[in-house]
Amino acid sequence: MVFEGAISEANRQNSTLPLGQLNLTTEVENFPGFPHGDLEAYLDSAIAPDRRALMPPHEKHGASGPELMELMRQQAVNFGTRIITEDIVAVQFGQRPFQLTASDGKTYQARAVIVATGARANYLGLPSEERFKNRGVSACAICDGALPRFRNKPLVVVGGGDSALEEADYLAKFAATVYLVHRRDQLRASKIMARRALEHPKIKVLWNRTVAEVLGNDTDGVTGVRLASTVGEPEMTVEAAGMFLGIGHTPNTAFLQDQLELTPKKYIKWTVPFRTNTSVEGVFAAGDVADDYYRQAITAAASGCMAAIDAERWLGAQDH
Ligand code: NAP
C-alpha cells in the first residue's frame with residue numbers, strides 16, 4: 001500500500017503534492033531509458049486515459065517529470081499496489097505492528113514501512129517568485145539549466161553555500177553571465193568551491209544583497225531581479241532570464257515526530273552502511289528524505305528498489 005499524499009492546498013503551498021518534486025519539473029534529460037524523442041503513443045498506451053487527459057502535452061524531449069511519475073505510478077498500480085491519496089500525519093513506531101494515521105483520520109497497521117517522503121527545495125517565499133516558477137525560477141540548475149530559455153543569457157543564483165556555487169559553476173557553461181546573490185560578505189561554501197566561483201570569468205558575486213522581487217512578464221517569464229541591500233546600499237536591478245535558488249532543502253520528516261533517528265539537518269539517518277535500514281527495525285528509508293547529497297531522480301529510484309528488497313528480506317527473516 002502506498003500513501004502518495006493528499007491533494008490539498010497545504011501540500012500545494014509546501015510543494016508536497018502527490019508525485020513529488022519530479023512532478024514539479026519540466027524536462028528530465030538524465031533519467032536512463034528516456035532519451036530525447038516522441039513518447040506520445042507510448043504515454044497514450046501506458047497511462048489510464050483519465051489521468052492522461054490531465055497531463056501537459058508532450059513535447060519532443062526526454063520524458064518530463066510528470067510523465068515519468070505517472071508512468072511509475074501506473075507501473076505500481078499494474079502490479080497490484082493500492083494507492084491512497086492521503087498524507088500520513090502520525091506514526092507509532094514504538095509498537096508492532098506499526099501504526100500509521102492518515103490525514104482522513106483512518107489508522108493503518110503495517111509490519112514494515114518504507115519512508116520515501118522526499119525533501120523540498122527552499123524558496124524565498126516571494127509572491128513574484130511563485131508567479132515565475134517553471135518560467136525562469138528554478139531550484140535545480142542541473143534539472144533546468146540547459147533549457148534553451150537560459151542559453152547565453154544572464155542568470156541569477158541565490159545563496160552562498162556549496163549548492164549555490166555548484167549551480168553557478170554549472171550554469172556558467174550555458175549562461176552569458178551568472179550573478180551570485182549572497183546576503184553576506186562571506187561565502188559559506190567550502191574553500192575550493194568558493195575559489196572556483198570567485199575566479200570564474202563568467203561568475204560575478206553580488207555581496208550583501210537579497211532578492212526583493214523577481215521581475216518578468218507572461219510572455220518572457222523572468223526578465224530580471226530587484227535586489228535590496230543588507231548594508232544600507234541603494235536597491236539595484238539586474239537583468240536576468242532566470243533565477244536559481246541554492247538556499248538548501250528541507251526534508252519532509254516532521255510527521256515522524258523524531259521517532260526515527262535523524263541527522264542534524266533532519267534527514268532520516270541510514271544506520272547500516274549500503275543499506276536502507278533506519279534506527280527502528282522494520283522501518284526503511286529511500287530517496288531524498290534520507291539523502292542530502294545526490295538528490296537525483298535515478299538515485300532516489302535506485303534507493304527505493306534497495307528499500308523494497310531490504311524490507312522484503314527483513315519480513316522474510318521475521319517469518320511473517
Ligand atoms: P547550506 O550550506 O546550508 O547553504 C545555504 C546558503 O543559502 C547559505 O549561504 C545561506 O546564507 C543561504 N540562505 C539560506 N536561506 C536564505 C534566504 N532565505 N535568503 C538568502 N540566502 C539564504 O546549503 P547547501 O549549499 O544546499 O549545502 C548543503 C550541504 O550539502 C552542505 O553541507 C554542503 O557542503 C553540501 N554540498 C556539497 C557539495 C559539494 O561538495 N559538491 C555540493 C552541494 C552541497 P548564509 O551563508 O548567510 O547562512
Side-chain angles (χ1 to χ4, degrees), residues 1-5 11 14-16 18-22 31-32 69 72 76 79 81-84 86-103 107-122 140 142 161-163 166 188 190 247-320:
M1 180 178 282
V2 168
F3 292 88
E4 66 173 347
N11 278 346
N14 227 356
S15 303
T16 49
L19 307 184
Q21 290 189 98
L22 263 186
F31 199 88
M69 293 315 296
M72 288 186 200
F79 278 107
T81 306
R82 284 167 293 164
I83 296 185
I84 299 191
E86 296 290 345
D87 295 325
I88 292 298
V89 294
V91 294
Q92 296 296 334
F93 288 156
Q95 62 184 66
R96 288 178 197 261
F98 303 126
Q99 185 166 301
L100 301 105
T101 307
S103 38
T107 56
Y108 296 84
Q109 295 195 320
R111 294 200 169 95
V113 171
I114 297 171
V115 182
T117 44
R120 54 188 191 275
N122 296 338
C140 182
I142 294 172
D162 281 329
S163 292
E166 197 170 56
R188 177 178 295 279
S190 57
I247 59 171
H249 283 72
T250 302
N252 299 316
T253 49
F255 74 103
L256 295 169
Q257 293 151 335
D258 292 334
Q259 291 187 54
L260 293 183
E261 197 180 334
L262 304 179
T263 69
K265 287 189 247 160
K266 299 280 182 195
Y267 287 77
I268 297 175
K269 194 166 175 183
W270 277 321
T271 52
V272 180
F274 303 106
R275 298 283 183 273
T276 60
N277 302 54
T278 70
S279 58
V280 174
E281 263 207 41
V283 179
F284 303 86
D288 286 14
V289 75
D291 172 23
D292 69 348
Y293 187 78
Y294 295 107
R295 302 192 297 224
Q296 299 299 302
I298 183 58
T299 52
S303 75
C305 171
M306 290 162 69
I309 290 173
D310 289 342
E312 187 182 31
R313 290 189 181 158
W314 182 81
L315 283 169
Q318 307 304 304
D319 227 12
H320 289 311

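The structure displayed is predicted, hence computed values, not measured ones.
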Please determine whether the number of non-hydrogen atoms from other residues, nucleotides or ligands lying under 6.0 Å from atom [atom1] of [X] exceeds 12.
{"X": "R120", "atom1": "CZ", "result": "yes"}
{"X": "E312", "atom1": "CD", "result": "no"}
{"X": "R313", "atom1": "CZ", "result": "no"}
{"X": "Q109", "atom1": "CD", "result": "yes"}

[X] to [Y] - nearest heavy-atom pair and separation:
{"X": "H249", "Y": "R295", "result": "ND1-NH1, 3.7 Å"}
{"X": "W314", "Y": "R111", "result": "CZ3-O, 3.4 Å"}
{"X": "L100", "Y": "V113", "result": "CD1-CG2, 4.1 Å"}
{"X": "F255", "Y": "N252", "result": "CE2-O, 3.3 Å"}
{"X": "L22", "Y": "A297", "result": "CD1-CB, 3.8 Å"}
{"X": "G5", "Y": "P18", "result": "O-CG, 3.4 Å"}

So, the side chain of [X] versus the backbone of [Y]: is there a donor-acceptor pair under 3.5 Å, distance only?
{"X": "W270", "Y": "A285", "result": "yes"}
{"X": "D87", "Y": "V89", "result": "no"}
{"X": "E4", "Y": "I84", "result": "no"}
{"X": "T81", "Y": "I83", "result": "no"}

Roughly how far, to the nearest 0.5 Å, is the [atom2] atom of [Y] from the [atom1] atom of [X]?
{"X": "I268", "Y": "L256", "atom1": "CD1", "atom2": "CG", "result": "5.0 Å"}
{"X": "D288", "Y": "Y267", "atom1": "CG", "atom2": "OH", "result": "7.5 Å"}
{"X": "E166", "Y": "S190", "atom1": "CD", "atom2": "OG", "result": "9.5 Å"}
{"X": "T16", "Y": "L19", "atom1": "OG1", "atom2": "CG", "result": "12.0 Å"}
{"X": "E281", "Y": "T271", "atom1": "CD", "atom2": "OG1", "result": "9.0 Å"}
{"X": "E86", "Y": "F3", "atom1": "CD", "atom2": "CZ", "result": "8.5 Å"}

Below 4.5 Å, heavy atoms only, C-beta onward: do [X] and [Y] meet side chain to side chain?
{"X": "I298", "Y": "P32", "value": "yes"}
{"X": "I309", "Y": "M306", "value": "no"}
{"X": "L260", "Y": "V91", "value": "no"}
{"X": "T101", "Y": "I88", "value": "no"}

>> Any donor-acceptor pair under 3.5 Å linking the side-chain atoms of Q99 with those of T107?
In response: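 Looking only at side-chain atoms, Q99 and T107 do not form any donor-acceptor pair under 3.5 Å.
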
>> Could you check whether S163 and R188, counting side-chain N and O atoms only, form a donor-acceptor pair closer than 3.5 Å?
In response: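 Result is no, nothing qualifies.
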
> Which of these passes side chain to side chain contact (heavy atoms under 4.5 Å, CB included) with K266: T250, D292, D258?
Replying inline: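 With K266 as partner, side chain to side chain contact (heavy atoms under 4.5 Å, CB included) holds for just one option, D258.
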
>> Would you say the ring centers of F98 and Y108 fall short of 6.0 Å from each other?
In response: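 No, the ring centres sit 6.0 Å or more apart.
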
>> The criterion is side chain to side chain contact (heavy atoms under 4.5 Å, CB included); which residues satisfy it with A307, sequence neighbours excluded?
In response: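 In terms of side chain to side chain contact (heavy atoms under 4.5 Å, CB included), with neighbours along the sequence ignored, A307 is linked to I114, T276, F284, A286.
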
